[in-house]
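Working notes, structure below.
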Amino acid sequence: MRSEEELRTAIHRYADMIRKICFIHMKQESDVDDVFQSVFLKYAKQSSFHDDEHEKAWLIRVTINECHDTLTTWFRRKVILSDELESYAPSVISMHSTMLDAVLHLKPNYRNVIYLYYYEGYKIREIADILQKKENTIHTWLKRAKDDLKIMLGGDDLD
């Protein structure tokens with residue numbers, strides 16, 4: 001079990017990143033908070049990491065898995081809750097609302113790749129390791145995501 005100080009340091013260092021990943025999947029503040037808490041509870045129980053990059057990659061992978069698990073629960077599939085996207089978006093991700101809407105309408109795999117590549121600055125090889133996919137798959141998802149964004153935004157200057 002990690003110490004309270006280690007947990008505070010990790011939350012301070014990674015909170016913004018975790019919240020953004022949760023937001024692009026969950027789209028509701030209450031769900032983001034639930035997943036955020038679950039991720040850091042798992043982090044508190046995790047023994048150690050090789051280095052800071054391993055720790056960050058582990059947190060990204062666990063966050064994506066927690067979002068997926070939450071989205072596939074029986075309750076989530078059967079109950080429709082109101083969407084708080086408009087009130088929450090400005091405080092989590094500060095970007096033009098048209099771009100945000102377009103990114104949020106991408107398939108989950110495409111959203112992950114766009115976020116990790118453009119916002120976190122990971123290389124294709126690193127994204128492949130984090131998502132446990134082949135590099136060619138990541139290249140394909142990134143290209144398709146950019147093509148979809150180009151269509152949604154009606155532009156040719158996204159490359």
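Because the structure is a prediction, the values reported are computed rather than measured.
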Checking side chain to side chain contact (heavy atoms under 4.5 Å, CB included) for the pair Leu106/Arg144: CA distance, chi angles, key distance, verdict? CA-CA 10 Å; Leu106 292 172; Arg144 288 179 183 171; over 6 Å; no
Give, for atom CG of Asp129 and atom CD1 of Ile124, the distance between the pair rounded to the nearest 0.5 Å. 11.5 Å
Nearest-0.5 Å distance that lies between atom CD1 in Ile138 and atom CD1 in Ile130: 9.5 Å
Under the side-chain contact (heavy atoms from CB on, under 4.5 Å) test, which residues partner Ser3, sequence neighbours left out? Glu5, Glu6
Heavy-atom nearest pair, Tyr122 first then Ala57, reads OH-N, 4.2 Å
Heavy atoms, side chains only, cut-off 4.5 Å: are Asp33 and Arg19 in contact? yes
As an exercise, state the distance from CE of Met1 to OG of Ser47, rounded to the nearest 0.5 Å. 12.5 Å
State yes or no: do Leu41 and Ile11 share one hydrophobic cluster built from I, L, V, M, F, W and Y residues joined by side-chain heavy-atom distances below 4.5 Å, directly or via other members? no
Decide side chain to side chain contact (heavy atoms under 4.5 Å, CB included) for Val35 and Phe23; before the verdict, give the C-alpha distance in whole Å, the side-chain angles of both, and the deciding distance to 0.1 Å. CA-CA 10 Å; Val35 172; Phe23 179 72; over 6 Å; no
Please list all pairs passing the salt bridge (Lys or Arg N to Asp or Glu O under 4.0 Å) test where one or both residues lie in residues 109-126, with sequence neighbours left out. Lys56-Glu120, Arg125-Glu135
If I take atom CG from residue Leu142 and atom OH from residue Tyr110, how far apart are they, to the nearest 0.5 angstrom? 10.5 Å
Nearest heavy-atom contact between Leu104 and Lys27 is O-NZ, 3.3 Å
Interatomic distance, NZ@Lys134 vs OG1@Thr140, rounded to 0.5 Å, equals 11.5 Å
Is it the case that more than 12 heavy atoms not belonging to His105 sit under 6.0 Å from its NE2 atom? no
Residues that Lys42 engages under salt bridge (charged side-chain N to carboxylate O under 4.0 Å, His left out), provided they are two or more places apart: Glu66
Restricting to side-chain hydrogen bond (donor to acceptor under 3.5 Å, both in side chains), what partner residues turn up for Asn65, sequence neighbours left out? Arg61
Audit row: Lys146, Tyr118, side chain to side chain contact (heavy atoms under 4.5 Å, CB included) steps and yes/no: CA-CA 11 Å; Lys146 289 194 304 189; Tyr118 287 108; 3.2 Å; yes
Pairing residues for Glu55 by the side-chain contact (heavy atoms from CB on, under 4.5 Å) criterion, not counting sequence neighbours: Arg13, Tyr14, Tyr43, Phe49, Asp52, Leu59
For Lys143, which residues count as a salt bridge (charged side-chain N to carboxylate O under 4.0 Å, His left out) partner, sequence neighbours excluded? Asp147
Arg8: which residues meet the salt bridge (charged side-chain N to carboxylate O under 4.0 Å, His left out) condition with it, sequence neighbours left out? Glu4
Ile21 and Tyr115 have their tightest heavy-atom pair at CG1-CE2, 3.4 Å
Checking side-chain hydrogen bond (donor to acceptor under 3.5 Å, both in side chains) between His25 and each of Asn112, Asp31, Thr70, which is the one that passes? Asn112
Report yes if the side chains of Leu116 and Leu131 come closer than 4.5 Å at any heavy-atom pair, otherwise no. yes
Taking all heavy atoms of Thr63 and all of Cys22, pick out the closest pair and write down the distance. CG2-SG, 3.7 Å
Charged N to carboxylate O under 4.0 angstrom, Asp16 versus Lys20? yes
Could you tell me the separation between the CD1 atom of Ile18 and the SG atom of Cys67, rounded to the nearest 0.5 Å? 9.0 Å
Residues that His50 engages under ring pair (Phe, Tyr, Trp, His ring centres under 6.0 Å), provided they are two or more places apart: His54
Between Ile114 and Leu149, is there a side-chain heavy-atom distance shorter than 4.5 Å? yes
Heavy atoms, side chains only, cut-off 4.5 Å: are Ile127 and Trp141 in contact? no
Tyr117: partners by ring pair (Phe, Tyr, Trp, His ring centres under 6.0 Å), with sequence neighbours left out: none
